[in-house]
Structure formats: C-alpha cells, structure tokens
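One structure is given below, encoded as structure tokens.
These numbers come from the heavy atoms of this one structure, side chains and all, not from hydrogens, waters or symmetry mates. Keep in mind the model is a prediction, meaning the values are calculated, not measured.
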Amino acid sequence: MRNLFKVFITLFLTATFLNANSLKEKFEVDGYSVELTSKRDLSAGSNEFFAKITKDGKEVNDAQLRAKFFMPEMPGMPYMEHEGVGSLEANQYRFVINFCMDGTWQYHLRFKTVDEKVHSIKSSVSF
C-alpha cells in the first residue's frame, strides 16, 4: 500500500511539473514589438509578468501599460477578471496578476505611447 501511494505521488508531481509552463510570447503591433514573459511557471495565485516594448530596435520606456486577464462565465462559474498596471523596472514593465483558478485565461494587453495612441494585444494563456 505504501509503494502504491509513493507511485501515485510521484506520477502526480511529474504531471504537474510537465504541465506547468512559464510564459514567453512575442507580438508585433503597429510597428512595436512586445515580449511578454513570466519568470516562473503560471499557477493559481499571484503571478509576476514582464512586458518589454521596443520600436525599431529601441526600448520604449515612456508608455503606460495595462493588462486585463479574464475567464468568461461558464455554467456554474461566474465571470472572473484581474487587472494589472505596468510599472517600469529595468527597461521592462512589471505587473502582477492573481489567477483564482487554473484554466484558460484570455487577456488584453494595452499600452499608450507618448503620441496618445493606444495599442492592443489579445491572446490567452492556459495552465
């Protein structure tokens, strides 16, 4: 019985580690390159994200960045949403998102540049 329990725990932990992924996505929008990353695997709870914005190979350090992660309403579950505001740290924008559960979360990443134009990216993450 003990060995069966050990095997079950080992399989569970292996599946958990193989399923978890840190985020690294690149986007092109309106002549800007945006790289969205996380340093650790995404999970329920607090997650730290970093967005690096460049245009023509030069870093953009004067934008205002906002992110909204949400999970649509499903049978038996309400609509869930969390927003983060990017703060510039070491030439990249840092923000924190709190996922209340595992699953597929859609997100909108928006940034406003000094010319007052708003640029938007839509995608999703699963964990």
Side-chain angles (χ1 to χ4, degrees):
M1 187 64 146
R2 261 184 148 176
N3 288 337
L4 182 62
F5 180 72
K6 287 179 185 178
V7 168
F8 176 74
I9 292 297
T10 302
L11 288 174
F12 175 76
L13 291 175
T14 302
T16 301
F17 287 123
L18 291 176
N19 191 29
N21 294 317
S22 60
L23 178 70
K24 185 168 187 168
E25 295 185 334
K26 292 184 180 184
F27 303 96
E28 295 287 329
V29 59
D30 304 328
Y32 291 89
S33 295
V34 179
E35 184 176 335
L36 182 63
T37 59
S38 66
K39 289 189 179 178
R40 66 175 184 86
D41 298 337
L42 299 179
S43 63
S46 185
N47 291 273
E48 187 175 40
F49 291 91
F50 299 92
K52 187 173 189 175
I53 304 171
T54 58
K55 182 168 186 168
D56 301 325
K58 297 179 183 176
E59 295 173 346
V60 176
N61 295 324
D62 52 4
Q64 298 173 7
L65 182 129
R66 293 176 110 24
K68 177 175 85 169
F69 285 72
F70 61 96
M71 187 179 281
E73 182 177 348
M74 291 182 260
M77 276 185 10
Y79 172 81
M80 293 175 270
E81 173 182 299
H82 192 82
E83 293 188 17
V85 176
S87 61
L88 187 64
E89 296 178 10
N91 295 325
Q92 58 186 355
Y93 297 89
R94 177 191 169 278
F95 59 94
V96 176
I97 299 293
N98 184 25
F99 295 119
C100 55
M101 65 180 290
D102 295 351
T104 300
W105 289 79
Q106 297 176 35
Y107 67 85
H108 296 165
L109 185 69
R110 293 185 173 96
F111 61 97
K112 183 192 284 187
T113 52
V114 292
D115 59 2
E116 296 296 317
K117 292 185 180 177
V118 176
H119 310 278
S120 182
I121 296 167
K122 296 179 182 181
S123 191
S124 64
V125 294
S126 296
F127 59 93

Legend entry - Donor-acceptor contact present, side-chain D56 to main-chain K58, <3.5 Å: no
Inset, instruction - Quick one: sort the F99 and W105 rings into parallel, tilted or perpendicular, breaks at 30° and 60°. - result: tilted
Inset, instruction - Please list, chain by chain and in numerical order, all residues satisfying ring-ring contact (aromatic ring centres under 6.0 Å, His included) with F70, sequence neighbours excluded. - result: H108
Inset, instruction - Evaluate the side-chain proximity of Y93 to L109: yes if any heavy-atom separation is below 4.5 Å, no if none is. - result: no
Inset, instruction - Name all residues meeting the side-chain contact (heavy atoms from CB on, under 4.5 Å) criterion together with S46; count only those two or more places apart in sequence or in a different chain, and write none if there are none. - result: V96
Legend entry - Side chain to side chain, N47 and L23, heavy atoms closer than 4.5 Å: no
Legend entry - Which residues share a side chain to side chain donor-acceptor pair (under 3.5 Å) with S43, sequence neighbours left out: R40
Legend entry - Fellow cluster residues of V118, listed by chain then number, with links counted only when side-chain atoms sit under 4.5 Å apart: none
Inset, instruction - Find out if a path of hydrophobic residues (ILVMFWY) with successive side-chain heavy-atom gaps under 4.5 Å connects F95 to V34. - result: yes
Using atom types as modelled, flag every donor-acceptor pair under 3.5 Å from a side chain in residues 72-91 to any protein atom, sequence neighbours excluded.
unit_1: Y79; atom_1: OH; unit_2: E81; atom_2: OE1; d: 2.5
unit_1: N91; atom_1: OD1; unit_2: N61; atom_2: ND2; d: 3.3
unit_1: N91; atom_1: ND2; unit_2: E59; atom_2: OE1; d: 3.2

Legend entry - salt bridge (charged side-chain N to carboxylate O under 4.0 Å, His left out) partners for K112, two or more places apart: E116
Inset, instruction - Using ring-ring contact (aromatic ring centres under 6.0 Å, His included) as the criterion, list what pairs up with H119, not counting sequence neighbours. - result: Y32, F111
Inset, instruction - Can you sort out the partners of K24 under salt bridge (charged side-chain N to carboxylate O under 4.0 Å, His left out), two or more places apart, ordered by chain and number? - result: E35
Inset, instruction - Taking ring-ring contact (aromatic ring centres under 6.0 Å, His included) as the test, write out the residues that go with Y107, two or more places apart. - result: F69
